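Residues take their numbers from the sequence shown, with the count starting at 1. Predicted model, so just to flag it, every value in this text is computed and none were measured.
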Amino acid sequence: MKIVENNTNSNHLDSYRAKVVASTAAGFGLENMDVMFLSFALSSIIAEFGLSGTQAGLISTITNIGMLIGGIFFGILADKVGRIKTFTYTIFIFAIATGAMFFAHNLTLVYICRFFAGIGGGGEYGIGMTVLAESFSKKKLGRVSSWVGMAGQGGAIMAALLATLVIPTLGWHALFLFGILPVIITFFIRHHLKESDTFIKSSKEKHGSVKELFATPKIAHQTIALMVMAIVQIAGYFGLMNWLPTIMQKQLNLTVASSTWMIATILGMCAGMLTFGWILDNLGPRLAFGIFLVCSAIGVYVLTLPTNMLSLIIVGAIVGYFSNGMFAGYGAVVSRLYPTEIRATANNVIMNTGRCIGGFSSLAIGWILDNYNVMTVMVFISTLYVISLIVMLTISNLKASNYKQA
């Protein structure tokens, strides 16, 4: 199966690209659905095991540590032996660990299940973004990544709906069983994909080398700076999304069934992704990230303002628009800046470093809530966005002129 980037009139090519988008979207949707399962189940888990905020935050952090380990290993493997083949390994690990949460009747088992779910899920992101990058024109990658990112938010909406139906009747354990069926569906979709000609024709000498991400001072600076940005992105997003339901349940006396506000936040994220992808492709990454990081730093404070459900829905949509509009853009940028030989490795190492270290925001937010208040949480997250903005401006290859040449 040859993929010729400029031959857009080929029905065969368009059919293959449709499969690429469908399979990558399904994978992202599955992963985000699982993340949100934990978010909606967190209050029930806390109640069942009598957890402190720190212990509860550690569940997400352990998941992200697993993602770093799995991301590095499977990213290297995907660059060495192939993207599609490697995905089948990650998918079964993820499926088993997700379903095993049904049997997790103590905190230790919860930690173990989430760690292995992280290992499987950590490989999926880089593989998906790499397959996209090798199937579409670079000029359209921001928009295509946004479409896939929106599918991820579709998984979050599905999680909200399932949580509303399942948790009150069957309990939080049963919720995680639903993570198995989409995994099986995704596996069969991915089974119909083949390695791209870009991968097949690339040099085999330096495939999957983490060392190449730091080969020169300039590349090392770029890699580390992108890691910092990814850390902030994950810290803000997963920190808020893991704790926002619990915070708002206490602040506005909501129940887990009151998921309308979360769906509004997710819809705002989808709109933000579409906008970000367009700005990224047409005006460059510096302007795209600059706008969204500044607005995110300011916007988190409005989460303290809602006093009723209507105002919470409006504020949630606005904050979601900026805080997660950037998410899919990281894969598009990394795929542009790193060569085929290390593309999956770069995507997984950079984003999963962000997940691992940024994942500690859940632990930090739990500790802050135990000792301080919601406003302190917002100051913490806002400061992180400012740091990301400063770091982003130091990456020379993110200038519009350099980025277009990448």
**Prompt:** Step by step, would you call F276 with F289 a ring pair (Phe, Tyr, Trp, His ring centres under 6.0 Å)?
**Reply:** CA-CA 8 Å; F276 186 90; F289 279 111; 4.9 Å; yes
- Report the C-alpha distance between T265 and Y321 in whole Å, list the side-chain angles of each, state the deciding distance to 0.1 Å, and finish with yes or no for side chain to side chain donor-acceptor pair (under 3.5 Å). CA-CA 8 Å; T265 302; Y321 181 94; over 6 Å; no
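Here S361 contributes atom OG and L384 contributes atom CG; the two are 8.0 Å apart, rounded to the nearest 0.5 Å. With values rounded to the nearest 0.5 angstrom, L337 atom CG is found 10.5 Å from I219 atom CD1. Taking OG of S296 as the start and CE of M326 as the end, the distance is 4.0 Å to the nearest 0.5 Å. The CE atom of M101 sits 9.5 Å away from the CG atom of L109 when rounded to the nearest 0.5 Å. The CD1 atom of I76 sits 11.0 Å away from the CD1 atom of I342 when rounded to the nearest 0.5 Å.
F322 has its side chain out of reach of Y385: every pair of non-hydrogen atoms, C-beta onward, lies at least 4.5 Å apart. For the pair Q233/S388, no side-chain contact is recorded, criterion being any heavy-atom separation below 4.5 Å from C-beta on. At a threshold of 4.5 Å between non-hydrogen side-chain atoms, the residues M351 and L226 do not count as touching. Side-chain atoms of F28 and E124, non-hydrogen and from C-beta on, do get closer than 4.5 Å to each other. For the pair T216 and H221, the minimum side-chain heavy-atom distance is 4.5 Å or more. Looking at heavy atoms from C-beta onward, N352 lies out of side-chain contact with I72 at the 4.5 angstrom threshold.
With no hydrogens or angles considered, no side-chain donor-acceptor pair links D370 and S52 at under 3.5 Å. For the residue pair E134/T198, the side-chain donor-acceptor check at 3.5 Å is not satisfied. Inspection of the Y338 and T223 side chains reveals an N or O donor paired with an N or O acceptor under 3.5 Å.
Between H173 and H105, the ring-plane angle classifies as tilted under the 30° and 60° cut-offs.
Aromatic pair W367/Y372: ring centres closer than 6.0 Å.
Among all heavy-atom pairs drawn from V20 and S135, the shortest one is CG2-OG, 3.7 Å.
The side-chain hydrogen bond (donor to acceptor under 3.5 Å, both in side chains) test with D79 singles out one residue from T340, N347, T345, and that residue is T345.
Salt-bridge annotation for K85 and E195: absent, with no side-chain N of the basic residue lying under 4.0 Å from a carboxylate O of the acidic one.
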